[in-house]
Every structure is written in structure tokens, then in C-alpha cells.
Amino acid sequence: MPTPFRIVLRSSWLIVLLLLPGCNTLNPLCGSARPVPILDSISPATMVFAQLPPSFVLTTTGSHFVSSSVVVFNGATLTTTVISSTQLTVNISSSMIAGPGSFKVVVQTPAGNSGNLGCSSGGTSGTQVLTVN
């Protein structure tokens with residue numbers, strides 16, 4: 001396991017850099033890093049195939065959503081409206097649902113410009129499933 005700190009000796013100055021994992025207020029070097037999104041639920045979560053409208057709004061609820069977060073529906077990245085840091089919406093076309101089944105939904109946030117500073121940035125949420133009967 002790597003050491004969580006690095007000692008750098010510059011002339012007569014001793015500098016200790018803490019390389020803290022993750023992005024949080026304890027690591028000031030992570031200023032431009034973005035949090036991993038957390039997806040708690042989707043709405044609707046269940047639909048009936050025979051009653052699908054031509055299109056509908058899918059709402060994702062969770063936390064750590066930022067302006068660059070996007071919803072990925074069954075592998076397709078969709079144009080996403082960021083309502084708040086806890087809610088995103090997308091329009092789903094019925095053509096994206098060929099028949100009854102389970103359709104995976106995740107939220108992705110691209111990495112920030114944290115470079116190699118020991119900061120994690122962005123990532124993919126856990127999966128929720130839209131069930132179409």
C-alpha cells in the first residue's frame with residue numbers, strides 16, 4: 001500500500017504533502033475534482049409496454065450531481081437536464097424501448113482537472129433499473 005504522504009526537501013524547507021485518497025475538504029489540492037454521483041431512485045421505475053407514450057420524462061434522484069453529470073439509459077448517453085444536485089431529468093423515446101424488459105440507468109460525471117494529485121474525480125453511480133412489463 002502506498003504511503004499516504006510524501007516528504008519533499010527543498011533547500012532548508014521541509015514540505016510534507018498529504019496525498020489523501022478521494023476528494024474532500026481535507027485535501028485542498030482536489031479543488032477541481034468532482035464527486036462520484038450517487039443514484040438512489042428513478043421515476044417511473046415500472047411501466048407497461050402496451051401503455052408506453054411516444055416519449056416520457058425519466059427523473060433520477062440521488063446526490064452529488066453536477067452540471068456535467070449525464071444520465072446513461074441502457075448504454076446510451078442522453079441529453080440531461082440538471083434540476084439540482086439531487087435531481088436530473090431526461091426524455092426517453094418509446095423507440096428506445098423495443099419491448100418488455102429491464103433497462104439499466106446510471107449517472108456519469110466526467111473527471112475534473114485534478115491531475116495526478118491523489119484525488120479521485122467523477123465516476124459512475126450505481127445502477128437503477130426501469131422495468132417494462
Side-chain angles (χ1 to χ4, degrees):
M1 180 168 178
T3 306
F5 63 89
R6 181 178 299 160
I7 298 175
V8 179
L9 185 57
R10 299 277 190 233
S11 298
S12 61
W13 292 87
L14 175 65
I15 301 170
V16 177
L17 297 176
L18 292 178
L19 301 177
L20 302 174
C23 175
N24 58 40
T25 57
L26 296 177
N27 190 345
L29 302 176
C30 292
S32 63
R34 298 179 180 136
V36 175
I38 297 171
L39 180 57
D40 293 326
S41 64
I42 60 171
S43 179
T46 305
M47 299 184 82
V48 177
F49 182 71
Q51 298 172 351
L52 280 179
S55 68
F56 62 94
V57 173
L58 180 77
T59 301
T60 63
T61 303
S63 59
H64 301 255
F65 300 156
V66 297
S67 61
S68 59
S69 296
V70 293
V71 174
V72 179
F73 181 81
N74 220 37
T77 301
L78 303 179
T79 300
T80 302
T81 301
V82 179
I83 305 299
S84 69
S85 64
T86 62
Q87 193 173 69
L88 308 173
T89 61
V90 292
N91 288 313
I92 304 290
S93 168
S94 61
S95 64
M96 298 175 73
I97 301 174
S102 297
F103 300 86
K104 294 180 181 181
V105 178
V106 297
V107 174
Q108 289 182 339
T109 298
N113 296 322
S114 61
N116 187 18
L117 300 173
C119 308
S120 60
S121 185
T124 302
S125 70
T127 303
Q128 293 288 321
V129 176
L130 171 66
T131 301
V132 179
N133 298 314

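All values below come from the heavy atoms of this structure, side chains included, with hydrogens, waters and symmetry mates left out. Residues take their numbers from the sequence shown, with the count starting at 1.
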**Q** Where the side chain of Ser125 meets the backbone of Val107, is there a donor-acceptor pair that is under 3.5 Å apart?
**A**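 At least one qualifying donor-acceptor pair exists.
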**Q** For Ser68 and Thr109, which heavy atoms make the closest approach, and how far apart are they?
**A**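 Reported closest heavy-atom pair: OG-CG2, 4.1 Å.
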**Q** To the nearest 0.5 Å, what is the distance between CD1 (Ile42) and NZ (Lys104)?
**A**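 Output value for this atom pair is 13.0 Å.
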**Q** Below 4.5 Å, heavy atoms only, C-beta onward: do Val66 and Pro35 meet side chain to side chain?
**A**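 Yes - at least one pair of side-chain heavy atoms lies under 4.5 Å apart.
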**Q** Are Val105 and Met96 linked, directly or through other ILVMFWY residues, by side chains that come within less than 4.5 angstrom of each other?
**A** yes
**Q** I need the minimum non-hydrogen distance between Gly123 and Pro37, along with the two atoms involved.
**A** O-CD, 3.5 Å
**Q** Indicate if Ile83 and Phe56 have the same hydrophobic cluster label, given that clusters are the connected sets of ILVMFWY residues with side-chain heavy-atom separations under 4.5 angstrom.
**A** no
**Q** Considering only heavy atoms from C-beta outward, does the side chain of Val90 approach that of Phe73 to under 4.5 Å?
**A** no
**Q** Report the distance from atom CG of Asn91 to atom OG1 of Thr81, rounding to the nearest 0.5 Å.
**A**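 One finds 7.0 Å between CG of Asn91 and OG1 of Thr81.
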**Q** I'd like to check Leu78 versus Ile92 (side-chain heavy atoms, cut-off strictly below 4.5 Å). Are they in contact?
**A** yes
**Q** First locate atom CD1 of Ile38, then atom OG1 of Thr86, and finally report the distance between them rounded to the nearest 0.5 Å.
**A**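 Spacing of CD1 (Ile38) from OG1 (Thr86) equals 12.0 Å.
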**Q** As a test of understanding, state which of Leu58, Leu130, Asn133 forms a side-chain contact (heavy atoms from CB on, under 4.5 Å) with Met47.
**A**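 The option that passes is Leu130.
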**Q** How would you list, by chain and number, every residue that makes a side chain to side chain contact (heavy atoms under 4.5 Å, CB included) with Val70, sequence neighbours excluded?
**A** Thr77, Thr80, Gln108
**Q** Taking atom CG of Leu88 and atom CZ of Phe65, what is their separation to the nearest 0.5 Å?
**A** 4.5 Å
**Q** Scan residues 53-67 for pairs that pass side chain to side chain donor-acceptor pair (under 3.5 Å), counting only residues two or more places apart or in two chains.
**A** none
**Q** Could you see if Phe103 belongs to whatever hydrophobic cluster contains Leu52? Use Ile, Leu, Val, Met, Phe, Trp, Tyr and a side-chain cutoff under 4.5 Å.
**A** yes
**Q** Check Val48 against Val132 and note the closest heavy-atom contact, atom names and distance.
**A**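 Distance-wise, the nearest heavy atoms are C-CG1, 4.4 Å.
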**Q** Identify whether Val57 and Leu39 are in the same connected component of the hydrophobic contact network (ILVMFWY, side-chain heavy atoms under 4.5 Å).
**A** no
